[in-house]
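Remarks on the structure that follows.
Values in this document were obtained by computation on a predicted structure and should not be read as measured data.
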Amino acid sequence: MKNENLIKARRRKGWTQEALARLVACEKSTISNWENGIATPGLSTAFRLSLLLHCDINQLFAGVRAQEARKVRTLEKDVVNGEK
């Protein structure tokens, strides 16, 4: 699912994906992946994005936490069951 909040915040600043990528020190494709819901940034990068975009981190990444929590629970279950 697209991260519309991230897209809107970047556009409000008048920045391209490439410009934001330079500020965060990553590739333009990484910004695209975050905006298209393919990947999510790490916590420190998410905080940096919220500062750069003058946007609350919770608003910027609404719904992302639940997705990450499911991944962690799945990994924990695999470890407990000896699958990983």
What are the two closest non-hydrogen atoms of [X] and [Y], and how far apart are they?
X	Y	result
Leu60	Leu6	CD1-CA, 3.7 Å
Cys26	Ile31	SG-CD1, 3.7 Å
Ala19	Thr16	N-OG1, 3.0 Å

Sequence neighbours left out, what pairs pass salt bridge (charged side-chain N to carboxylate O under 4.0 Å, His left out) with at least one residue falling in residues 20-44?
->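 Every salt bridge (charged side-chain N to carboxylate O under 4.0 Å, His left out) pair that includes a residue of residues 20-44, provided the two are not neighbours, is Arg10-Glu35, Glu18-Arg22.
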Does the side chain of [Y] come within less than 4.5 Å of [X]'s, by heavy atoms?
X	Y	value
Phe61	Ser50	no
Leu49	Leu20	yes
Cys55	Arg12	yes

Lys13 and His54: side chain to side chain contact (heavy atoms under 4.5 Å, CB included), yes or no, with the steps?
-> CA-CA 9 Å; Lys13 294 293 254 180; His54 297 116; 2.9 Å; yes
Spatial distance of atom CD (Gln17) from atom CD1 (Ile7) [nearest 0.5 Å] =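 If we round to the nearest 0.5 Å, Gln17:CD and Ile7:CD1 are 8.0 Å apart.
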Give a yes or no on whether Leu43 and Leu23 share a hydrophobic cluster (residues Ile, Leu, Val, Met, Phe, Trp, Tyr; joining criterion: side-chain heavy atoms under 4.5 Å apart).
->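 They do share one cluster, since a chain of ILVMFWY contacts under 4.5 Å joins Leu43 to Leu23.
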Identify whether Leu52 and Trp34 are in the same connected component of the hydrophobic contact network (ILVMFWY, side-chain heavy atoms under 4.5 Å).
->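 Same cluster: Leu52 reaches Trp34 through Ile, Leu, Val, Met, Phe, Trp or Tyr contacts under 4.5 Å.
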Side chain to side chain donor-acceptor pair (under 3.5 Å) partners for Asn33, two or more places apart |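 Partners of Asn33 under the side chain to side chain donor-acceptor pair (under 3.5 Å) test: none.
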Hey, is the main chain of Asn58 close enough, under 3.5 Å, to the side chain of Asp56 for a donor-acceptor pair?
->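 Pair found, side chain donor or acceptor close to backbone of Asn58.
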